Each structure stands twice: as structure tokens, then as C-alpha cells.
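Data block below; observations after.
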Amino acid sequence: MILPPAFYERDTVAVAGDLLGCLLVHREAAGTTMGWIVETEAYLRDDPAAHSFRGETARNRAMFGPAGHAYVYRIYGLHTCVNIVTGQEGVGEAVLVRALEPVAGIELMRERRGTDDPLALCSGPGKLTQALGITMSLDRTSLSEGPLQVRSPGSLPGRRPEGWPGEVVQTTRVGITKAADLPLRFYLRGSRYVSRR
DNA sequence: GGTGAGATTATCT
DNA sequence: GATAATCTCACCG
């Protein structure tokens, strides 16, 4: 089932952990792509590494909007990353989706990524947006109603991500310079599809 | 298997 | 003008 807004209107760290094993789905004319979420990072209020830390701007406006909507941004001038807004509206917290295990639409992912290696299709925040065709046009769209959706574990009877249910590793976030010591990254220990172990 | 440089641009100082 | 929640490829060992 599609996760309702109430799922996201909770403690951001709890949501970041609970998103592991959920399904990220993008439905579009070119086809539907989807993958199990196997790695996330939490970005909190009063967190110097969060884009919302210095207040609302045109770029980070989604983070201050309703939970359960997407915050999509461009990084290093060329890659796109997707976050899920969490917690109370106006606070500015979100969860970065860092890696997926590909589930469907894999041929489309291969074309977009230019590789056949299943481990390289979605094993990073910039990779998975390229594989799923997630663009800036999805910024501030609802993940409960729009073309980009998140579905609960068990949405695909008989199928489950590698290493799930299983141990969730909590460790430090990747690629940041501020608050780099906080353990706000989560991934499935048994999955080969995470960005780094 | 690991490290480092370069790509490339929106955003904020 | 510097920075940035990344990726790829070249090069080294």
C-alpha cells in the first residue's frame, strides 16, 4: 500500500529507519521503475549539515512544507538527489534516499545509467535518481498522490529486499563536512546494493 | 583495492 | 567567488 502522510509526520530518525524495506516507485510515460529502499540518511532541525539549517530559501522550500512530499535538489552542478520531508510542517527535516535494490523497470534503468551491473544501477543518491528518471520537476510533489510514490514493505507479495528483515546498521553520514560525526545514516547490513559498507 | 582529480552549475556569502 | 548530502575514470601500488 502507498504510505499515508501520517507515516512521515513522525520523528525523522524513526522514519529514516522505517523507510528501509519500503518500495520507491516512479510511474511515468516511459515506463515504471521501482526499487527497495536499502539506505537512508536523516537531516534534522539544528543540524548544520541540513540544507534547512540557515532557514528557508527558494531551493530548500520543500523541506519546510508538508511531510510526505519530495525535496529534490541538484548537487555538484550535475547530480540530482531525492529526499522525503518528515516531521512537523515548517520545521525543515527530511530523509535522503541513498540507495535502492532495483526491482522493476530494470531495462529502463540500464539504458539511463549506461551499465548492466545491477549493483551499480541505484547504489548512490545520484545514481538512483538517474535510474528512476527523478528530476527537479518532482520537487515538492506528494509521495502519496503523485507519480513518485513510496509503498510499504510487503507491497510485492513474495518479494523482499536482500537482507530484510534483518540488522539495520546506524552509522555516520556520507559526503558532508559539518556534523559529520552524528550517526544518522541507516542501511541494511545484508544488502549488496548500499552505496558503501 | 585505494586514492585523487575533474566535471559543471545552482545557490548562497 | 567559494562551496556543495556525487560520480566516474585514470593512475598507483
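As the structure is a computational prediction, the values presented were derived from the model and not from experiment. Every chain is numbered from 1, with letters handed out A, B, ... down the list of sequences.
Taking 4.0 angstrom as the limit, A:R196 places none of its side-chain polar atoms (N or O) nearer than this to OP1 or OP2 of B:dG2.
Consecutive Watson-Crick or G-U pairs involving DNA chain C, each under 3.5 Å on both distances, make up stems of three or more pairs at B:1-7 with C:6-12, B:9-12 with C:1-4.
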Per-pair distances, 0.1 Å, donor-acceptor, side chain in residues 60-67 of chain A, under 3.5 Å, sequence neighbours excluded:
residue : atom : partner : partner atom : Å
A:N60   : OD1  : A:T57   : N            : 2.7
A:N60   : OD1  : A:T57   : OG1          : 3.4
A:N60   : ND2  : A:H51   : O            : 3.0
A:N60   : ND2  : A:G55   : O            : 3.0
A:N60   : ND2  : A:T57   : OG1          : 3.4

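Counting only heavy atoms from C-beta on, A:R59 has its side chain closest to B:dT11 among C:dA5, B:dT11, C:dC7. Set against C:dA5, C:dT8, B:dT13, the side chain of A:R54 has B:dT13 as its closest nucleotide. For A:T177, taking side-chain heavy atoms from C-beta onward, the closest of the listed nucleotides C:dA4, B:dT8, C:dC7 is C:dA4. Here the nucleotide nearest the side chain of A:I75, chosen from C:dT6, C:dC7, B:dC12, is C:dT6. Picking from C:dT6, B:dT13, C:dA5 the nucleotide with the shortest atom distance to the side chain of A:Y76 gives C:dT6.
Transitive grouping of hydrophobic side chains (ILVMFWY, heavy atoms separated by less than 4.5 Å) brings A:W164 and A:V194 into a common cluster.
Seen from the ring of A:Y187, A:R189 does not count as a face-on cation partner, given the 6.0 Å and 45° thresholds. The cationic atom of A:R59 (NZ for Lys, CZ for Arg) does not lie both less than 6.0 Å from the six-membered ring centre of A:Y71 and within 45° of the ring axis.
Rounded to an integer number of Å, the gap from CD of A:E41 to P of C:dA4 is 15 Å. With rounding to whole Å, A:M136 atom CE is found 7 Å from B:dT11 atom P.
Judged by distance alone, with hydrogens and angles left aside, A:Y73 brings a side-chain donor or acceptor within reach of the base of C:dA5, the pair sitting under 3.5 Å.
Salt-bridge annotation for A:R74 and A:D139: absent, with no side-chain N of the basic residue lying under 4.0 Å from a carboxylate O of the acidic one.
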